[in-house]
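Worksheet: the structure to be examined is printed underneath.
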Number of protein chains: 2
Amino acid sequence: MSLACDTCPVRDRAACAVLEEDQRDELAKAGRTRTLSKGETLFTAGESLAACATLKKGALKITSTDIDGRERILSLVHPSGFIGEMFGPYMRHDVVALGDAELCVFSGPDFQRAIERYPRLGQALLRRTQEDLFASRELLALTGNASAETRVAGALVSFARAASDSPCHLATRFDLPLSRGELADMLGLTIETVSRMLTRFEREGAIRRTGKRGIELIDPALLPLS
Amino acid sequence: MSLACDTCPVRDRAACAVLEEDQRDELAKAGRTRTLSKGETLFTAGESLAACATLKKGALKITSTDIDGRERILSLVHPSGFIGEMFGPYMRHDVVALGDAELCVFSGPDFQRAIERYPRLGQALLRRTQEDLFASRELLALTGNASAETRVAGALVSFARAASDSPCHLATRFDLPLSRGELADMLGLTIETVSRMLTRFEREGAIRRTGKRGIELIDPALLPLS
DNA sequence: CGTCTATTTGATGGAGGTCAAAGACAGTGG
DNA sequence: CCACTGTCTTTGACCTCCATCAAATAGACG
């Protein structure tokens, strides 16, 4: 199935936005639309198939699972994000839908050809990959030697930033994109500790919780950021 | 000062190796050689100057420092490695020499122009940046919820792998590229804990230590990897 | 209303951080 | 050659923070 770029919700923001219209249509011929429902797996670590995708709707998590079966969330992917493993011989991580999601999927070789044909696409991806690298290092710094309090606070601020339109501004009301368990897996903590920290922040007047996922930032200055 | 690519020790492995000879000479005109001595800083987080570099000799660490002044090592850079922040308006992290080092340095704009002119260069950097991203995520997985024992063991194996010629083989004798303190900063532990774990591994017969930095892998199977 | 799952809260213990001090070297100068 | 100094590492004692275990609560849904 070929792609309907005309109606694509991320056509101006995704990597392919740097292409001319005819180039994008050409690329679209190599891609396929795919929908995932909550919890469904897009890629599995170790798969020999190199592939990549642009996320159109929903959210994904990139995870690795250690020997004892404990899952670690390495990154979150938001709409217009790119998940790419064009080069390696196999997929390095699991990629799973956090909720219902919709993507454009390309085979690794197809996409590599597109990069060679359209240098601007490669440059756009380079920029994106560098951003992903910085995000990964930021998470590394956050989970490195910070206290549980600081980690949870940092995650809240990071979600508040992602939920606002401008990246330097915090949304005051937003929904957590993750369950307590997923938040714990991302921060290297346990469900109980995450829950306790949220309770503490609410008791101290920094946030208010509405339902399981809703967060309202009352006084971000009370969050113990590092 | 223009660069002497002819005598460059990493001319076949660095990103610029994908260029034709005349293209590389052209790029060299924009670059400068720089030497650093142990502990010297190449880039400082927050610097407004976008720049990038290829490491020719020595080793670097990429670090971030949190508010209480605790340093976290986010990545190590080995010869032929690329340190690039071409796009952002400012440097995201500190980059410091672990020992004496030698590099080619380019200004961000100069290098961006080179990428536009030579698409193969951009593709090579994309591949490298993806590798860096995977390495960062691997460290994230290692330091996430593993025990101190597992983290130190993982670091040892990773260094043993880096010290051997083939990436799937472990060197049996090698020198740690980091001090105890740096190792601790990289693994999110303390100096004392790192020291205790090394003592434990030696007592259990997994390794032998010679001097401060020397490590001999006696029985890697005894290392408690996850 | 009953069942299932996600979350919260409490009690307890252990891994690792913190504080403190002793070695182990390398370099310096007498 | 030998003290002296400064830095890095090791080792020990103690205590804190967070994981673990356990149970209560809250929603979601049939």
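Predicted model, so just to flag it, every value in this text is computed and none were measured. The chains referred to below are lettered A, B, ... by the order of the sequence lines, with proteins before strands, and numbering in each begins at 1.
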Whole-Å gap separating [atom2] ([N]) and [atom1] ([X]):
X: A:Arg151; N: D:dC17; atom1: CZ; atom2: P; answer: 14 Å
X: A:Arg213; N: C:dT5; atom1: CZ; atom2: C1'; answer: 13 Å
X: A:Arg203; N: C:dG10; atom1: CZ; atom2: C1'; answer: 13 Å
X: B:Leu176; N: D:dT10; atom1: CG; atom2: C1'; answer: 15 Å
X: A:Leu198; N: C:dT8; atom1: CG; atom2: P; answer: 6 Å
X: B:Arg180; N: D:dT11; atom1: CZ; atom2: C1'; answer: 14 Å
X: A:Ile215; N: C:dT7; atom1: CD1; atom2: C1'; answer: 13 Å

Reckon [X] has a side-chain N or O less than 4.0 Å from the OP1 or OP2 of [N]?
X: B:Thr199; N: D:dT10; result: no
X: B:Ser147; N: C:dA15; result: no
X: A:Arg209; N: C:dT8; result: yes

Q | D:dC18 base / A:Glu149 side chain donor-acceptor hit below 3.5 Å | A |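 There is none.
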Q: Classify the side chain of B:Glu182 versus the base of D:dC8 as yes if they form a donor-acceptor pair under 3.5 Å and no if they do not.
A: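 Counting by modelled atom types and ignoring angles, no donor-acceptor contact under 3.5 Å is found here.
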Q: Mark yes when over 12 heavy atoms from residues, nucleotides or ligands other than A:Arg208 sit less than 6.0 Å from its CZ; otherwise mark no.
A: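 For A:Arg208, atom CZ is not crowded (no more than 12 foreign heavy atoms under 6.0 Å).
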Q) Near A:Glu138 CD, under 6.0 Å, is it more than 12 heavy atoms from other residues, nucleotides or ligands? A)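 Count not over threshold, so no.
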(Q) Need one value for A:Leu189: base, sugar-phosphate or nothing, where a base atom within 4.0 Å counts as base even if backbone is also close, heavy atoms only. (A)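 It contacts sugar-phosphate atoms only.
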**Q.** Candidates D:dT20, D:dT10, C:dT8 - which lies nearest the side chain of A:Ile191
**A.**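 Of D:dT20, D:dT10, C:dT8, C:dT8 is nearest to the side chain of A:Ile191.
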**Q.** Among C:dG17, D:dA19, D:dT10, the nucleotide that comes nearest once only the side chain of B:Thr193 is considered
**A.**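 Of the candidates, C:dG17 comes closest.
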Q) If you measure from CD on A:Glu71 to CE on A:Met186, what distance do you get to the nearest 0.5 Å? A)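 Here the rounded value is 12.5 Å.
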Q. So is B:Arg203 actually on top of B:Phe201's ring, under 6.0 Å and inside 45° of the axis?
A.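 Cation-pi check for B:Arg203 and B:Phe201: fails.
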Q. Would a distance-only check, ignoring hydrogens and angles, find a side-chain to backbone donor-acceptor pair under 3.5 Å from B:Asp94 to B:Ala45?
A.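 Answer holds: yes.
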Q: Ignoring hydrogens and angles, tell me if any N or O in the side chain of A:Arg173 forms a donor-acceptor pair with the backbone of A:Glu216 under 3.5 Å.
A: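 Checking the backbone N and O of A:Glu216 against the side chain of A:Arg173, no donor-acceptor pair under 3.5 Å is found.
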Q | Residue met sooner reading DNA chain D from 5', once A:Met197 and B:Glu192 are mapped to nucleotides | A |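 Between the two, 5'-proximity favours B:Glu192.
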Q: Could you check B:Leu178 against A:Gly211 and say which one's nearest nucleotide on DNA chain D is further toward the 5' end?
A: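 Counting from the 5' end, the first nearest nucleotide belongs to B:Leu178.
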Q: Find which nucleotide of DNA chain C each of A:Lys212 and A:Arg196 is nearest to by heavy atoms, and output the residue with the more 5' nucleotide.
A: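 By nearest-heavy-atom nucleotide position, the 5'-most residue is A:Lys212.
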Q. Is A:Arg70 paired with A:Asp185 through a side-chain N to carboxylate O contact shorter than 4.0 Å?
A.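 Looking at A:Asp185 and A:Arg70, the cut-off is met.
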Q | Difference in axis direction between the ends of the helix from C:dC1-D:dG30 to C:dG30-D:dC1, five pairs, 10° | A |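 The value is 30°.
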